[in-house]
Protein chains: 2
Amino acid sequence: MSLIVQKYGGTSVGTTERIEAVAEKVHAFRERGEDVVVVVSAMSGETNRLIALAKDIHPDPSAREMDVLVSTGEQVTIALLCMALQKRGCDARSYTGGQVRILTDSAHSKARIEEIDAHRMQEDLTAGRVVVVAGFQGVDGGGNITTLGRGGSDTTAVALAAALKADECQIYTDVDGVYTTDPRVVEGARRLDKITFEEMLEMASQGSKVLQIRSVEFAGKYKVPLRVLSSFVDGPGTLITLEDDDDMEKPVVSGIAFNRDEAKLTIRGIPDVPGIASKVLGAVGRANIEVDVIVQNVAEDNTASLTFTVHRNELAKAKEVVESIAVELGASAVDTNSGIAKLALVGVGMRSHAGVAAKMFEALAKENINIQMISTSEIKITVVIDEKYLELAVRALHSAFELEEKDKVE
Amino acid sequence: MSLIVQKYGGTSVGTTERIEAVAEKVHAFRERGEDVVVVVSAMSGETNRLIALAKDIHPDPSAREMDVLVSTGEQVTIALLCMALQKRGCDARSYTGGQVRILTDSAHSKARIEEIDAHRMQEDLTAGRVVVVAGFQGVDGGGNITTLGRGGSDTTAVALAAALKADECQIYTDVDGVYTTDPRVVEGARRLDKITFEEMLEMASQGSKVLQIRSVEFAGKYKVPLRVLSSFVDGPGTLITLEDDDDMEKPVVSGIAFNRDEAKLTIRGIPDVPGIASKVLGAVGRANIEVDVIVQNVAEDNTASLTFTVHRNELAKAKEVVESIAVELGASAVDTNSGIAKLALVGVGMRSHAGVAAKMFEALAKENINIQMISTSEIKITVVIDEKYLELAVRALHSAFELEEKDKVE
């Protein structure tokens, strides 16, 4: 008998019919003798409904009261899921974050979990009950309701799994696992049976939306085996686990992640002296704009050019900041380009394999795709290219690294 | 400076616009230097929406989970009202029942308050904050969410007023006070400036729906001055207070309450021996049917007849019970009549005034209204009459006891 923590997101509990389907699934696990703790989100649409009520009253409502408001969304779901389980003769009990108690800091709307009291949950499990916990929420030392921010329900599930020393944390979503790349772009995209935490982090940070980065970090830190599965289709999903898992296939490249959400800024003709990059990026950072890929180069005339990417929504704001700095630095020009895409090869195997970058660049060159920026890490090579070549590039790389062939290991 | 506890019901907070109007009202009290604790219900319609979700899943959902579910309704309102207050520069903080903490017993859906921790509220008041508390809910010793059942928000307000030793507990509703009788029936019906707890209890139990009986009992027990006012129209409302209030007018009759919700059952020709009434009414009670007015008489042939009223919805069930008992007792007949109305004169003054009953019966006789049943208590005389004479009877009595003339004291 093992203990499983399962998390069902807003779409999976979006209607009473879907809540019944989740109850069926959970009940089946109980029938097989598993102990189950379920974490649920608000029914899809509910959080937006609540936010709209708040915005109706206050353009910038207090974070404390927003947390009181939106935390009701998950509270509705836990009660309904318990009722659906009880209808199936499956004893169940619901808990809000505060009832568990999931102790967090006081950073309303983006709180961090500090401690979990596993005591009541363990009592229920011993008594043969399914424990249903509201995701995304907790309570601070003063008893104020807090929420964990975006993706918070995944984090709740992982944190509960860590606190309860669960055998597995299962995240049910609307996809049936993690793929080598987006199946809408590459027909031969393949579901991965396993992937390491590090790879998953890189995939997530590159726009693969299956899991929230924070929950993956958390699972890695506490060594909680994490599995991504579909709420709607049965299947093994993808297990996210530690690298030193012995029977793990270790292909050089596990997947290709990409996104089109970024734009590029270049500041040219700046004096090539120390401190320029920090001056430019410092100003951007102070404006609360997150910077992703950064490349600096020196031109023949001994002036430098600095290029970096930001989220497209923040391009206008970033441009304003950079233009005012440009005057100060005596830069010759500021260019922007929002027609770009970012693409990354991810794989722990590339640590020990030379030539992955060369092979990647060759595959892109063969398709006449110009690389505008390159950035590398131990398990990832990122390139920025013209957006219009994105699909072509992903398909070329998927094929070059033979990701569609399931049994092939390089 | 005084401390006021205010309660706003579902209609008063039914939309974000109405919540803003409540915030305006509360803010005005703060501006005048009053300390204010506000108790709110769920936005009208919200509780029914939540119950419908539950019924969709389970025909008879667990009381514990129902409480988890429906308590979210008030939680939404407290957050929204705080936002509306903060927009007006009025510092405010919200609390769920569990956060306050309002400790109750574990009788889910009809819990009783055992203890209130006034500590956090007092801190906020001292800091100049408005305290906004979710009505209708609490938490039991095990940390489980409970609800107080029908009218629970009124009870929350009175209990908080008692715990905080508030100067007044104001219940805002959609009427502007307690009337001598229903203004829809008697044009000259007059708003009472004051009424005693006992009179209010009798009025409420006779169908005057302004306040829930339980909250009036509670206010009387803890001597909390209670005021009923309109959320929508400014005015002094009606103060419900202790009888020994010195400057209180003490008219013989304060008001006339009535209802048409009852039906009458008569069992005739039963042997006139001890224990008959208890046999009949015991069986009715065991069937969970509440009995109101009871009258027993002995006929010339030494058989007795017993008549009592029940809620109309329960007439069929009651008839079934009584018919089976009738056979056992050898009764000659069981009659029922649902075309009746109950009407009561209420007033603490009648304790010390003889002749009130005589005057009442005379006024009814003058209109040729036959009295089917009579029942009296210290501060109330109840009669059952044919339903079709109800309006006529109420108007006749209102005029006979000169209730429309404000300054007249008998």
Side-chain angles (χ1 to χ4, degrees), chain A residues 15-20 22-23 42-43 46 49-50 52-88 91-96 98-101 117 120 123 132 134 139 142-145, chain B residues 15-20 23 42-43 46 49-50 52-88 91-96 98-101 117 119-120 123 132 134 139 142-145:
Chain A
T15 62
T16 50
E17 288 75 27
R18 288 200 172 170
I19 289 172
E20 300 247 24
V22 168
M43 295 169 78
E46 180 61 7
R49 183 183 77 86
L50 293 167
L53 283 173
K55 295 285 172 187
D56 227 26
I57 286 179
H58 201 304
D60 182 25
S62 113
R64 181 190 188 277
E65 300 304 334
M66 272 308 276
D67 282 356
V68 171
L69 181 69
V70 299
S71 63
T72 61
E74 291 78 30
Q75 189 171 329
V76 166
T77 319
I78 56 173
L80 295 177
L81 179 56
C82 278
M83 292 171 190
L85 284 165
Q86 288 160 355
K87 189 165 80 173
R88 286 161 179 80
D91 199 3
R93 197 168 280 180
S94 74
Y95 295 95
T96 63
Q99 284 179 312
V100 164
R101 131 191 219 240
D117 182 355
R120 291 188 73 176
E123 269 181 18
V132 179
V139 73
N144 301 297
I145 295 169
Chain B
T15 62
T16 51
E17 289 74 28
R18 289 198 171 171
I19 289 172
E20 300 247 23
M43 296 168 77
E46 180 62 7
R49 184 185 75 87
L50 292 167
L53 283 173
K55 295 285 173 189
D56 226 25
I57 286 179
H58 201 305
D60 182 25
S62 113
R64 181 189 187 277
E65 300 305 334
M66 272 309 276
D67 282 356
V68 171
L69 181 69
V70 299
S71 63
T72 62
E74 291 79 29
Q75 189 171 329
V76 166
T77 319
I78 56 173
L80 294 177
L81 179 56
C82 278
M83 291 172 191
L85 285 165
Q86 288 160 354
K87 188 165 82 173
R88 286 160 178 82
D91 200 4
R93 197 168 279 179
S94 74
Y95 294 95
T96 62
Q99 284 180 312
V100 164
R101 127 189 223 244
D117 182 354
H119 173 254
R120 291 188 73 176
E123 269 181 17
V132 180
V139 72
N144 300 298
I145 296 168

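Naming convention: chains lettered A, B, ... in sequence-line order (proteins, then strands); numbering from 1 in each chain.
At a 4.5 Å heavy-atom cutoff, the contact between Gln75(A) and chain B is made by backbone and side-chain atoms alike. Neither the backbone nor the side chain of Asp60(B) comes within less than 4.5 Å of any heavy atom in chain A. The parts of Met66(B) that come within reach of chain A are both its backbone and its side chain, each placing non-hydrogen atoms under 4.5 angstrom from that chain. Interface remark: Arg101(A) contributes no atoms to any contact with chain B (heavy atom separation under 4.5 Å). Of the atoms belonging to Ile19(B), it is side-chain heavy atoms, and not backbone ones, that fall under 4.5 Å from chain A. No part of Asp67(A) comes within reach of chain B, as not one of its non-hydrogen atoms sits under 4.5 angstrom from that chain. Heavy atoms closer than 4.5 Å to chain A are found nowhere in Ala23(B), neither backbone nor side chain.
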Would you please test Glu46(B) and Arg49(B) for salt bridge (charged side-chain N to carboxylate O under 4.0 Å, His left out) and show each step? CA-CA 5 Å; Glu46(B) 180 62 7; Arg49(B) 184 185 75 87; 3.0 Å; yes
List the steps and the verdict of side-chain contact (heavy atoms from CB on, under 4.5 Å) for Arg88(B) and Leu85(B). CA-CA 5 Å; Arg88(B) 286 160 178 82; Leu85(B) 285 165; 5.6 Å; no
Stepwise, does the side-chain contact (heavy atoms from CB on, under 4.5 Å) test hold for Leu69(A) with Val76(B)? CA-CA 5 Å; Leu69(A) 181 69; Val76(B) 166; 3.6 Å; yes
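Ranking Ile78(B), Leu50(B), Ile145(B) against chain A, the residue ahead of the rest is Ile145(B), based on heavy-atom pairs under 4.5 Å. Counting heavy-atom pairs under 4.5 Å between each of Ser62(B), Pro59(B), Ala84(B) and chain A puts Ser62(B) at the top. Of all the listed residues (Val132(A), Thr96(A), Thr77(A), Leu80(A)), the one sharing the greatest number of non-hydrogen pairs under 4.5 Å with chain B is Leu80(A). Counting heavy-atom pairs under 4.5 Å between each of Arg64(A), Met43(A), Gln99(A) and chain B puts Arg64(A) at the top.
Between Pro61(B) and Lys87(A) there is no side-chain heavy-atom pair separated by less than 4.5 Å.
Nearest heavy atom pair, residue Glu74(A) against residue Ala134(A), reads CB-CB, 3.6 Å. Contact detail for Arg120(B) and Asn144(A): the closest heavy-atom pair is NH2-OD1, 3.3 Å.
For Asp56(A), the side-chain hydrogen bond (donor to acceptor under 3.5 Å, both in side chains) partners at least two apart in sequence or on another chain are Thr16(B).
Rounding to the nearest 0.5 Å gives a distance of 12.5 Å between CG of Leu53(B) and NZ of Lys55(B).
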